[in-house]
Undergrad: 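I am attaching a structure below and will ask some questions about it afterwards.
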Amino acid sequence: MKFFVDSANIDEIKKLNEWGIISGVTTNPSLLSKEKGKPYEVLKQICEIVKGPVSAEVTSLEFNEMIEEAQRLADIHPNIVVKIPFTEDGIKAIKYLSEKGILVNTTLIFNPIQALVAARVGSRYVSPFVGRLDDIGHDGLSIVKEIVEIFTIHDIETEVIAASIRNPRHVLLSALYGAHIATIPPNVFHQMIKHPLTDIGIEKFLEDWKKKEQ
Ligand code: G3P
C-alpha cells in the first residue's frame, strides 16, 4: 500500500515529502479553502514538490461545466488527477475524461457498487471515505475490503484509495484489506511513527551508554 498525503498545506507536504514515503497527494475544496494563495497556484506548487499524482477536485456539478473545469485543472501540471464526485453527471464526466486520457479519482464513494460503477466507466482511482462512514455508525473499513474483493474477483485495475482516514488503525486495516493507497492527513502521519516504547528504549540505551567507561 502506498501513502498519499491528504492536505493542501505546503509546509506539511514539504515536511512529509522529506521523509521519502509520499507517493502522491489528494486535496479537496475544503482543504484548499483553508490555505493562503489561489487554489490553482497552490496545486501547481504541490505538483512541483511531490513527484506523483496530485488529486484536484472539480466544484461544478453539471456535465459540461465539470469537463471544462477538469480540463483547466489537468492543464495545471501533467501529474494532476481530476477528482470527480459520484453523481449521474459525474459518471458521464468520468467516462468522457477517462476516454480523453485524463486520469480520474472518483470521490465521495460510500458503497462498493458506486466504486464498481466508477471503475466500469474508466476511473483510475476510487476513494471510499472511511472516517465519514464511521461517523454515522457504519464500518467504513468494510467498504474498503469489499471494493478490493470485487476488483480482485473481476480483474479490475482501478486503484482503491482509502480516504477520510482518521487514525493509524484506519491505515493498518486499509493495508490488511488490500487498499492500493491510503491518503493520510499530516496529523495521522505523526501519530503513525510515534510509540512510547521507542522513546523509552532510546532513553535507556543512551543512559546505559553514558554509564560505561569509554
Ligand atoms: O480528501 C477526501 C477525504 O480524505 C476527506 O476526509 O476527514 O474530511 O472526512 P475527511
Side-chain angles (χ1 to χ4, degrees), residues 1-13 16-17 21-35 39-40 42-43 45-47 49-50 52-61 66 69-70 73-74 76-77 79-87 90 93-94 103-112 114-115 118-119 123-145 147-148 158-175 177 179-192:
M1 185 177 77
K2 288 184 222 156
F3 299 124
F4 283 11
V5 56
D6 194 28
S7 173
N9 184 281
I10 298 293
D11 292 339
E12 290 285 9
I13 293 171
L16 290 166
N17 193 50
I21 58 164
I22 303 301
S23 306
V25 180
T26 54
T27 67
N28 61 41
S30 305
L31 291 171
L32 280 160
S33 69
K34 281 195 265 177
E35 303 304 324
Y40 278 50
V42 173
L43 287 164
Q45 257 183 293
I46 296 173
C47 290
I49 299 165
V50 178
V54 173
S55 289
E57 188 161 340
V58 297
T59 50
S60 317
L61 295 175
M66 263 182 180
E69 190 181 354
L73 287 167
I76 297 174
H77 192 278
N79 286 353
I80 289 282
V81 170
V82 178
K83 251 182 167 181
I84 303 281
F86 190 85
T87 60
I94 297 160
L103 297 185
V104 174
N105 172 2
T106 305
T107 190
L108 292 163
I109 292 282
F110 291 98
N111 73 47
Q114 291 179 317
S123 197
R124 180 74 187 83
Y125 305 95
V126 288
S127 292
F129 277 31
V130 174
R132 291 194 196 183
L133 278 166
D134 286 2
D135 291 346
I136 58 158
H138 289 250
D139 178 7
L141 286 161
S142 69
I143 306 299
V144 171
K145 192 169 188 252
I147 298 171
V148 171
T158 302
E159 291 190 87
V160 180
I161 304 181
S164 185
I165 292 287
R166 301 278 165 78
N167 54 57
R169 191 162 172 78
H170 279 163
V171 180
L172 169 71
L173 291 176
S174 295
Y177 293 162
H180 305 87
I181 297 150
T183 190
I184 304 168
N187 68 310
V188 177
F189 270 108
H190 292 284
Q191 290 169 11
M192 277 162 54

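Note that this is a predicted model, so its numbers are computed, not measured. Counting starts at 1 for both ligands and their atoms, following the listed order.
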Undergrad: So do the side chains of Ser174 and Ile165 get within less than 4.5 Å of each other, counting heavy atoms only?
TA: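 Answer yes - side chains close enough.
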
Undergrad: Tell me every residue that passes salt bridge (Lys or Arg N to Asp or Glu O under 4.0 Å) with Glu159, counting only those two or more places apart in sequence or in another chain.
TA: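 Glu159 satisfies salt bridge (Lys or Arg N to Asp or Glu O under 4.0 Å) with Arg124 only.
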
Undergrad: Could you check whether any side-chain heavy atom of Val25 comes within less than 4.5 Å of a side-chain heavy atom of Ser7, counting everything from C-beta outward?
TA: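 Of all side-chain heavy-atom pairs linking Ser7 with Val25, none is under 4.5 Å.
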
Undergrad: Taking side chain as C-beta onward, heavy atoms only, is Val188 less than 4.5 Å from Met192?
TA: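 The answer is yes, as the side chains (C-beta and beyond) meet within the 4.5 Å cut-off.
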
Undergrad: Quick one: list whatever passes ring pair (Phe, Tyr, Trp, His ring centres under 6.0 Å) with Phe110, sequence neighbours left out.
TA: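 Only Phe129 meet the ring pair (Phe, Tyr, Trp, His ring centres under 6.0 Å) criterion with Phe110.
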
Undergrad: Listing by chain and number, which residues have a heavy atom under 4.0 Å from ligand 1?
TA: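 Contacting ligand 1 under 4.0 Å are Asp6, Asn28, Lys83, Phe129, Arg132, Ala163, Ser164, Arg166.
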
Undergrad: Residues in side-chain hydrogen bond (donor to acceptor under 3.5 Å, both in side chains) with Thr26, at least two apart?
TA: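 Partners of Thr26 under the side-chain hydrogen bond (donor to acceptor under 3.5 Å, both in side chains) test: Asp6, Thr183.
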
